[in-house]
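Ligands are counted one by one from 1 in listed order, and the atoms in each one are counted from 1 as well. Computed from a predicted structure; not experimentally measured. Start at 1 with the first residue, then count along the sequence.
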Amino acid sequence: MSLNRRDFIGALAGATAVTSLTACGDKESASPQTLAPMETVEWKMVTTWPKNFPGLGTGANRVAELINTMSGGRMNVKVYGAGEMVSAFEVFDAVSRGNAQLGHAGAYYWKGKIPAAPFFSSVPFGLTASEMNSWLYHGGGLELWEEAYAPFNLIPNPAGNAGTQMGGWFNKEIESLADLKGLKMRIPGLGGEVFERAGGLPVSLPGGEIFPSMQSGALDATEWVGPYNDLAFGIYKAAKYYYTPGWHEPGTSMECMINAEAFYALPEDLQSIVRNAMKVVTLEMMSEYTAQNQRALQTLVDEHGVELRHFPDSVLKELKVLSAEVVEELAASNELAGRVWASQKAFTQQVTRWTNVSEYAYMRARNL
Ligand code: CA
């Protein structure tokens with residue numbers, strides 16, 4: 001027998017009435033808490049991405065959607081794109097102060113406040129996406145990240161990873177390090193510092209300004225993310241060569257920070273839902289990027305005539321030396337940054353031994 005909607009609601013009301021009677025008659029068999037009228041916890045999530053931006057913005061939306069669904073409506077998270085409630089770079093302060101309870105961003109944006117922050121997103125020539133997750137969840141990384149954010153009333157969480165990025169868009173071929181000299185390139189973070197040491201002129205620009213700057217000639221070169229996001233911005237219309245690999249961002253971890261007071265005010269089941277929604281999004285985002293990047297790469301090369309190029313080994317070797325200098329100097333500049341880098345560096349050295357005989361050895365075999 002099937003119930004129509006009215007029967008179903010009637011059945012539910014009956015069940016509630018029975019439960020209430022039981023509760024009145026026998027206090028031990030039902031907790032008064034289960035009978036309280038359902039209160040919805042209203043949270044706001046601010047983000048550093050344009051609203052609904054493919055992969056990153058939609059990843060933030062998914063965190064909210066999963067929390068709302070898994071909590072059965074006990075929580076309602078509303079997402080605000082960059083500039084809607086606060087600007088992209090005000091996200092950290094907004095969540096720290098409790099104006100919003102969640103913030104979806106990238107930790108490297110907060111280097112000015114926390115010198116160790118870039119180690120929790122990506123390090124040039126560092127960990128890949130899956131290795132990064134291993135360090136964070138099973139190598140002590142998340143504990144260090146929590147220590148770094150605690151003074152700001154924030155709890156950090158990994159919440160997405162775009163995988164290995166591309167090396168960027170150029171209008172001339174890069175044959176030696178000298179070809180980077182004087183080049184004005186949009187390349188933020190530690191990668192930008194390395195690029196500067198190589199003689200380039202790094203520029204930090206929000207995503208939305210990349211294409212117009214390439215078209216007007218204000219920029220000579222740019223990196224953004226990978227085929228999926230780069231195709232969406234139309235960068236191929238302003239640059240001929242698409243270089244690999246993304247030595248500067250081998251597996252950038254996105255973050256979702258939580259206001260600590262708001263988090264600890266939640267019952268334990270909702271705390272678990274909030275944290276696990278972020279874990280789910282890490283898996284979903286990595287899968288989405290792999291699926292979308294390969295499609296977009298095909299479109300770029302086959303339909304738009306983009307020329308793929310590899311940075312020569314000699315250029316990569318020199319960039320690697322410069323990267324080590326930049327990272328070691330950052331580690332030496334601050335006590336916590338030093339401890340975080342010591343942990344990540346040791347993990348990187350160990351995991352490389354394993355990755356070389358597992359994934360790398362297999363990838364090589366697959367290409368024979
Ligand atoms: Ca990038």
N, O or S of Trp224 under 3.0 Å from the Ca ion (ligand 1):
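An N, O or S atom of Trp224 is closer than 3.0 Å to the Ca ion (ligand 1), so yes.
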Path from Val306 to Phe211 over hydrophobic side-chain contacts below 4.5 Å
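No, separate clusters.
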Quick check: of its N, O or S atoms, which one does Glu223 have closest to the Ca ion (ligand 1)?
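In Glu223, the N, O or S atom with the shortest distance to the Ca ion (ligand 1) is OE1.
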So that I know where these two stand, are Phe89 and Tyr109 an aromatic pair - ring centroids less than 6.0 Å apart?
yes
Sub-6.0 Å ring centroid separation between Tyr236 and Tyr241
no
So what does the Gln165 OE1 - the Ca ion (ligand 1) - Glu249 OE2 angle come to, to 10°?
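Centred on the Ca ion (ligand 1), the OE1/OE2 angle is 90° (to 10°).
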Hey, does the side chain of Gln350 reach the backbone of Phe347 with a donor-acceptor pair shorter than 3.5 angstrom?
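No; zero donor-acceptor contacts below 3.5 Å.
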